[in-house]
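A short worksheet on the structure shown next.
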There are 2 protein chains.
Amino acid sequence: MRASDRAYARLRDDILHWHTPPGTVFAEVEQAERLKVSRTPIREAFSRLAAEGLLVPLAGRGLVVSELSRETIIELFELRIVLETEAARLVAARRNVDLFIGLKEEFEHAAELIDRGDDLASYYELVARLDAAMDESVGSRFLLGAIRQLRPHLARVRGLARDNRKRLSDAAAEHLTIVEAIIDRDSELAADATSVHLKKSLRNILESVDALEGAAGGRELTETKQGKQ
Amino acid sequence: MRASDRAYARLRDDILHWHTPPGTVFAEVEQAERLKVSRTPIREAFSRLAAEGLLVPLAGRGLVVSELSRETIIELFELRIVLETEAARLVAARRNVDLFIGLKEEFEHAAELIDRGDDLASYYELVARLDAAMDESVGSRFLLGAIRQLRPHLARVRGLARDNRKRLSDAAAEHLTIVEAIIDRDSELAADATSVHLKKSLRNILESVDALEGAAGGRELTETKQGKQ
DNA sequence: AGAACCAAAGTTGTATACATTCGAGGTCGT
DNA sequence: ACGACCTCGAATGTATACAACTTTGGTTCT
């Protein structure tokens with residue numbers, strides 16, 4: 001594995017897991033020393049993270065972890081809804097739905113899996129596999145690319161939302177509806193069910209965000225470290 | 001201006017203007033010598049072009065200019081339609097439509113401008129200003145980013161389509177409808193008019209492509225230089 | 001003759017020294 | 001005291017030498 005890949009993965013994880021919150025400033029030499037590599041692979045990693053929008057260049061002072069405000073989250077979901085409803089439409093219209101047969105069964109059992117509660121990670125993993133199946137079936141490289149562009153930002157949002165069991169159980173039911181629509185080749189239902197799911201997800205996330213902001217005990221959305229811009 | 005910016009702009013232009021057709025292989029040292037800079041800024045330029053999808057890495061052999069097949073063009077427009085109809089919807093729903101008042105008048109006179117025919121470039125420039133106004137008014141950074149991601153590919157497609165005056169005159173009328181809908185704050189009309197415009201554009205482009213392919217006298221869509229992958 | 005292996009050439013990947021640019025803080029002038 | 005300017009420092013930008021890897025073509029063994 002290339003040093004630039006490791007540097008990229010490491011920095012990306014730090015950002016996605018909120019170890020380096022918005023406003024944190026990175027400089028090349030500093031990170032090169034921390035990760036024990038030269039500046040070259042660090043530059044490579046920085047440029048990838050900047051292209052994804054996780055880092056924003058600060059003229060003459062390094063790169064700063066991009067902010068993630070309430071407004072940003074809303075904009076993120078606005079685009080996500082447009083893209084993923086379209087993806088669901090396309091996937092449902094596809095010939096081959098075999099990939100989703102197995103997933104349907106799993107989502108049917110997901111409710112109890114969540115109620116047992118001992119293994120929420122396996123539910124997240126199931127959702128990840130649904131995403132992968134959608135990716136594989138969507139067909140359009142450009143649509144897929146646009147969706148992938150949003151993923152890191154969504155991962156960062158996830159670190160903000162609190163997981164209440166009720167919401168997860170609802171989400172499981174929503175996912176099941178989507179998968180069933182795809183298997184039935186019902187494009188419009190697949191699209192609408194996706195829209196429903198994402199809008200409910202967004203509402204839940206915004207509630208978490210507002211609660212955090214109100215309490216001010218949680219993690220800040222807007223950091224004060226940020227020098228300017 | 002940085003050397004990497006110049007290298008990027010130069011290579012990008014070469015690709016967009018079909019000086020280096022799909023299948024052309026680039027290597028760092030080769031381009032470094034040609035553009036009289038070291039490998040470092042070339043690497044930077046390559047990585048940007050690869051992120052945009054104009055170049056595709058070829059393990060051990062350089063980077064190849066990505067293909068642009070009929071199917072790719074269709075996928076490109078499928079996403080473009082989704083994104084730009086949404087953009088039109090958002091812009092029309094906005095408070096401030098001042099930006100578009102002037103554009104409306106210009107599009108009203110565009111027909112004769114095209115018929116005069118002596119200055120088609122100024123019509124393209126007008127369309128570019130409409131795009132810029134949309135960009136400025138769309139509000140969502142993510143939607144804007146997704147649209148921008150498509151632009152270089154669309155520019156490349158443009159080099160394939162032949163400009164017949166009839167199509168341009170129709171396009172001017174379609175643009176006018178879009179602008180009027182925005183000024184009237186009619187979101188759904190703006191969205192639908194955008195959809196109409198883009199679908200007609202796509203049809204015109206595909207006709208050009210098919211004509212080129214049939215005649216085989218024009219520029220090839222799929223190059224044979226490409227080693228593998 | 002065919003396939004596996006090996007060697008050589010060319011490629012990208014990395015480290016590092018040097019150049020350049022930008023910002024912050026101090027100083028000088030008003 | 002306030003503002004403009006200047007200097008210094010730290011950051012990125014660039015060039016280049018060297019390392020590691022991949023492909024390709026030849027060679028050798030079966």
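In what follows, chains carry the letters A, B, and so on, assigned in the order in which the sequence lines appear, proteins first and then strands, with residues in each chain numbered from 1. As the structure is a computational prediction, the values presented were derived from the model and not from experiment. Below, each value reflects all heavy atoms present in this structure, side chains not excepted, and no hydrogens, waters or symmetry copies.
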**Asked** Which residue pairs satisfy the salt bridge (charged side-chain N to carboxylate O under 4.0 Å, His left out) criterion with at least one member in residues 95-107 of chain A, sequence neighbours excluded?
**Response** A:E106-A:R129

**Complete:** A:D13 meets the side chain to side chain donor-acceptor pair (under 3.5 Å) criterion, sequence neighbours left out, with none

Can you give each donor-acceptor pair under 3.5 Å made by side-chain atoms of residues 155-162 of chain B, sequence neighbours left out, with the distance rounded to 0.1 Å?
| from | atom 1 | to | atom 2 | distance (Å) |
| --- | --- | --- | --- | --- |
| B:R156 | NH1 | B:S66 | O | 2.9 |
| B:R156 | NH2 | B:S66 | O | 3.3 |
| B:R156 | NH2 | B:S66 | OG | 2.9 |

**Message:** Could you tell me how far apart A:E30 (CD) and D:dA11 (P) are, to the nearest whole angstrom?
**Reply:** 8 Å

Taking distance alone, no hydrogens or angles, what donor-acceptor pairs closer than 3.5 Å link side-chain atoms of residues 51-60 of chain A to residues at least two apart or in another chain?
| from | atom 1 | to | atom 2 | distance (Å) |
| --- | --- | --- | --- | --- |
| A:E52 | OE1 | A:Y8 | OH | 3.4 |
| A:E52 | OE2 | A:Y8 | OH | 2.5 |

**Request:** Report the residues that fulfil ring pair (Phe, Tyr, Trp, His ring centres under 6.0 Å) with B:F107, sequence neighbours left out, ordered by chain and then residue number.
**Result:** B:H175

**Request:** Take nucleotides 8-14 of chain C nucleotide by nucleotide from the 5' end and write B, S or -, depending on whether a protein heavy atom sits under 4.0 Å from the base, only from the sugar-phosphate, or from neither.
**Result:** ---SBBB

**Item:** Length of the line joining A:L35:CG and C:dA15:C1', which is rounded to integer Å
**Value:** 15 Å

**Asked** In whole angstrom, what separates B:I42's CD1 from D:dT14's P?
**Response** 10 Å

